[in-house]
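FYI, the numbering just counts along the sequence from 1. Just so it is clear, the values below take in all heavy atoms, side chains as well, and ignore hydrogens, waters and symmetry mates. First listed ligand is number 1; within each ligand, the first listed atom is number 1.
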Amino acid sequence: MYNFGYVSLYAVYLILFSLAVRRVVTCAQDWQFSKRHGCKPAQSVARVREPFLGIDHLLEALRKARAGRFVRFSASRYARYGNTHMTRRALFETAHTIEPENLKYMLATGFDQFRLATMRVRAMVPLFGSGIFTTDGPAWAHSRAILRPSFTRQNMAPLLAMMERHFQMLLRQVPRDGAPFDMQRLFFCFTMDTATEFLMGGSTHTLDPEHRSDAEKAFADDYLACCLEAVRQIAMGPLQRFSITPRHIPATCQRAFAYVDEFVDKALALRSARKAAAGAAVGAGAGAEYNFIEELAGMTTDRTLLRDQVLSVLLASRDTTAALLSNLFYELARHPAVYAKLRNEIHTHLPTGELPTEAAMNAMPYLRWCINEALRLYPVVPCNTREAACDTALPLGGGPDGRSPLFIKKGTPVLYNVYAMHRRTDIYGDDANAFRPERWDGLRPGWGFLPFNGGPRVCLGQQFALTEASYVITRMLQCFDSMQPKDFSPWAELYSLVMTSKNGVIVSMTPAASSIAA
Ligand code: HEM
């Protein structure tokens, strides 16, 4: 008869022994990998006080986020621990980098060695399903392949006409008597209206109450609520698995799905009707009225996939462009000389106040410099993460001088802070913190400038975003002689999925003496 106590004890010994053996084998493998790749120990390691999960660090990050200082707090750690460093807790570690060479490796040359961070995927799947923002590997490649054709359109004229229609709505909301207003709120409404029209062929009309239905308003609110929940989940970091989704969120997501599904069904029906009529596939959007969803319906008839892609691209396109515009106008209000110089350039290229064409906007270098400078100082996606899909090595960060490769174990999240990289004085000069568009004259920072990401996952809508932003900037400066800041509190960030000003962009405008829109 066996003694049960002894058996249990032996079982525990066996487990501990096998764990110890596994640990030794892993360490030996890591050592061999590091040796083969010339890796050296991390130049710098940031430790946390609560040793298991680093709760103290997490709480401090949440406190800073509440005060509108998370991105700067995170950037300040690079000043303290170096451009590439590790943060160690007993249960997991993270790598941090703002080295252009490391980012190039992670996002381009070593692309296959990394994947999206698990925390991001887990937080976003409930709303975005298997869309382009939540998938890797073949599923992502499929998404990218079906989305790409919609972004390589040659004829931008119908899109510019659509933007002008919504711009007129925005213009109506700008006080002409010098009263202060929040320009940021208007930009977020504008991009919601243009993005929904571009994507689904039906705008939410948030700037145009006369045309807005209750369903459109409800969708805008539901979509926002679901996005905010995804942001909250991402911010929970390692505590995400303990977080409880508020009870109303599943129903809110379902309502947003139902709204988009109507457009999906319409596009699918139209597509098959056209196909039946022509006896062959027809190029959607061949007419003047371009419809993204209809074009997508030509690539796949999977209803759920279509909805996931539309919701994902809505996320990608709406807040990002609004954030860029808001951040740029925040600075323009504080730099009247830049405003005047930009206005002068616009007037030179469009002397009679005519509507901007794509060619005219492309011919304005100062406009592009102003946009670059806003994207540099306030990258719309300031912090991002990838996760090692296998044991790998970053080119820099190891050894006492940080110039040797750094071993990154499979599953380790690598955080990169574009905000901090964009303010590196060795890349942008001693005045890296200043808003000075002229610095872009001849400047080529390569991977040191990364507002749209890089490599195979580079932003698909970059051209669309730059065109939309250029259009709105040009039109605003055609319509207003100058602008004045009306809020003098220091910059505080509102960091959700994108970074904007926590206090809005409170300004007043001086209308132009004559303008085609006045
Ligand atoms: C100023 C405006 C914009 C900025 C700064 C921006 C930035 C970015 C960044 C940083 C990413 C990479 C995210 C990641 O992989 O973690 C991204 C991806 C993406 N963006 Fe944009 N974006 C902007 C506007 C747009 C617009 C207007 C659209 C569509 C109309 C768009 C569509 C996409 C898509 C589809 C992806 C996913 C690409 C992929 O994973 O393969 N973006 N964008």
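Here the shortest heavy-atom pairing between Ala492 and Arg72 reads CA-NH2, 4.0 Å.
With salt bridges taken as basic N to acidic carboxylate O contacts below 4.0 Å, none links Glu262 and Arg307. Ion pair Glu229/Arg232 flagged as a salt bridge, since at least one NZ, NE, NH1 or NH2 atom sits closer than 4.0 Å to an Asp/Glu carboxylate oxygen. Salt bridge status for Asp431 with Arg439: present, with a side-chain N to carboxylate O gap under 4.0 Å. Using a cut-off of 4.0 Å between Lys/Arg side-chain N and Asp/Glu carboxylate O, Asp222 and Arg255 are scored as salt-bridged.
Protein N/O/S atoms found under 2.8 Å from atom 21 (Fe) of ligand 1: Cys459 SG.
Not a single heavy atom of Glu468 sits less than 4.0 Å from an atom of ligand 1. At least one heavy atom of Arg120 sits less than 4.0 Å from an atom of ligand 1.
Screening Glu331, His422, Glu493 for a side chain to side chain donor-acceptor pair (under 3.5 Å) involving Tyr378 leaves a single residue, Glu331.
Contacts of Arg457 with ligand 1, taken as heavy-atom pairs under 4.0 Å, involve both backbone and side chain.
In terms of protein heavy-atom proximity, atom 36 (C) of ligand 1 is nearest to Phe133 CZ, 3.6 Å. Nearest protein heavy-atom contact of atom 13 (C) of ligand 1 is Asn384 ND2, 4.0 Å. At the top of the distance list for atom 38 (C) of ligand 1, counting protein heavy atoms only, stands Arg144 NH1, 3.3 Å.
Near Leu324, meaning under 4.0 Å from one of its heavy atoms, ligand 1 places the atoms 1 (C). Atom numbering of ligand 1 starts at 1 in the shown order; those under 4.0 Å from a heavy atom of Phe151 are 29 (C), 30 (C). Every atom of ligand 1 with a heavy atom of Pro451 under 4.0 Å away is listed here by number and element: 5 (C), 7 (C), 10 (C). Of all atoms in ligand 1, listed by their number and element, those nearer than 4.0 Å to a heavy atom of Trp140 are 39 (C), 40 (O), 41 (O). For ligand 1, the atoms closer than 4.0 angstrom to any heavy atom of Arg386 are 14 (C), 15 (O), 16 (O).
Note that CZ of Phe198 is 9.5 Å distant from CD of Glu468, once rounded to the nearest 0.5 Å.
Lys104 NZ: 12 or fewer foreign heavy atoms inside a 6.0 Å radius. Heavy-atom neighbours of Arg69 CZ from other residues, nucleotides or ligands within 6.0 Å: at or below the threshold of 12. Counting non-hydrogen atoms of neighbouring residues, nucleotides and ligands closer than 6.0 angstrom, the CZ atom of Arg172 reaches no more than 12 such neighbours.
Aromatic rings of Trp491 and Phe435 (six-membered ring for Trp) have centroids beyond the 6.0 Å cut-off, not under it.
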